[in-house]
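In what follows, a structure is listed as structure tokens, so that the remarks can point back to it.
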Amino acid sequence: MKNESHTELLAALWPDAKQVPAKVLECRHCGRRNRVQVPRAILEPNQCECGACGKPLFLAPQEPLSGIASSAYEHALDRTALAALKGIPGFPALIRWLMSQLGERTLRLLNLSSAVLCGEDQFPELVALLEQSRRSLDLTQKPTLFLSESPHANAATYGSEEPSITVYAGLLDQLNDTEVLTVMGHELGHMHAEHGLYRTVALVMASGTHLLGTVGQVLSFPLQKALYKWMRCSELTADRAGLLACRDLGASLNVLMKLAGGHRPGVTRRTKMQLAPFIRQARTLAKLEEDNWFDGLLATLMTMDNSHPFVAWRVMHLLEWVEHGNYLEILAGHYERAKRPIAA
Ligand SMILES: [Zn+2]
Ligand SMILES: [Zn+2]
């Protein structure tokens, strides 16, 4: 018997059973190429076996993605937007100046003075979810975890040498544990892909130019625009890491829907948010020409205090990756690995 949430997810994502996407995946044990229907791989990965050797096609649910490189799941838009940003004259100088003025230490002190540091004796439950995500993604770097009061359902990653993740309490009101696990994976993805430095710069810029003084005033519009564009695109890479950490597409999509709609008591008392219409909403976006509306909207959005714009756009890109990108290849054990120093 199929579990109810699976049936709901299946109906939301692939309503027409005759038109489901499929992929050809190579068995990591014997090399045989197997044709697998994407819905089956998503809903029952542990039932998918190689037609030749009979061994499981996919890694076990909590098996670490041993040695995975962030480039294995980096979104192409993230890569090109960052390259464009780095190519703007004055940007490297700005980063150097800003870090000398502010630096990671200041941010860390800010967290230490205003948020709750989580550890073995303080909110170990939250630390355990972070650890579970970290193990799935097989990351060696261990970020410091902070819990901060805020009605916003949000989380953030700062710093690069000593990264820290801050979870805002509003997030815990809205998400269940699997969904929090996804968010932890998302934040770890930012860390793994080394987004920390540039996101810190964007944060400082967004928090007001007074921190930046004269540099802020002369900061060019193209630079701001490029930085914000990259910020949005970097979310796509982090969303992929979130899904790789939890390996539950329903959870990843629910997180995005809840962030878009606000899963607050006033909402939940009156209605049950439905995934299917939200997926349809995201799929209609896929039909629009991305570049046209993306750049137009960006000019407006960069002046708005909105931490979760473009949510349906993120859903669209995540689905695209699952159906046509290398998500299932990664779960089948085929991905780019990072070069690690060999332990003595
Ligand atoms: Zn095989
Ligand atoms: Zn993010």
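Order of appearance sets the numbers: ligands from 1, and atoms from 1 within every ligand.
Looking at Leu126 and Met184, their side chains come closer than 4.5 Å, going by heavy atoms from C-beta outward.
A donor and an acceptor atom, one from each side chain of Trp313 and Glu235, are nowhere located under 3.5 Å apart. No donor-acceptor contact under 3.5 angstrom links the side chains of His334 and Asn326, judged on distance only.
Lys23 and Val38 make their closest contact through CG-CG2, 3.8 Å (heavy atoms, listed as atom of the first residue, atom of the second, distance).
The atom of Glu235 that is an N, O or S and sits closest to the Zn ion (ligand 2) is OE1.
Sorted by first then second residue, the ring pair (Phe, Tyr, Trp, His ring centres under 6.0 Å) pairs that include residues 154-181, not counting sequence neighbours, number zero.
To the nearest 0.5 Å, atom CG of residue Asp239 and atom NE2 of residue His75 are 9.5 Å apart.
Annotation: Glu194, atom CD; neighbour count of heavy atoms from other residues, nucleotides and ligands within 6.0 Å does not exceed 12.
With the Zn ion (ligand 2) as the vertex, NE2 (His186) and NE2 (His190) define an angle of 100°, rounded to 10°.
Closer than 2.8 Å to the Zn ion (ligand 1) sit the protein N, O or S atoms Cys27 SG, Cys30 SG, Cys50 SG, Cys53 SG.
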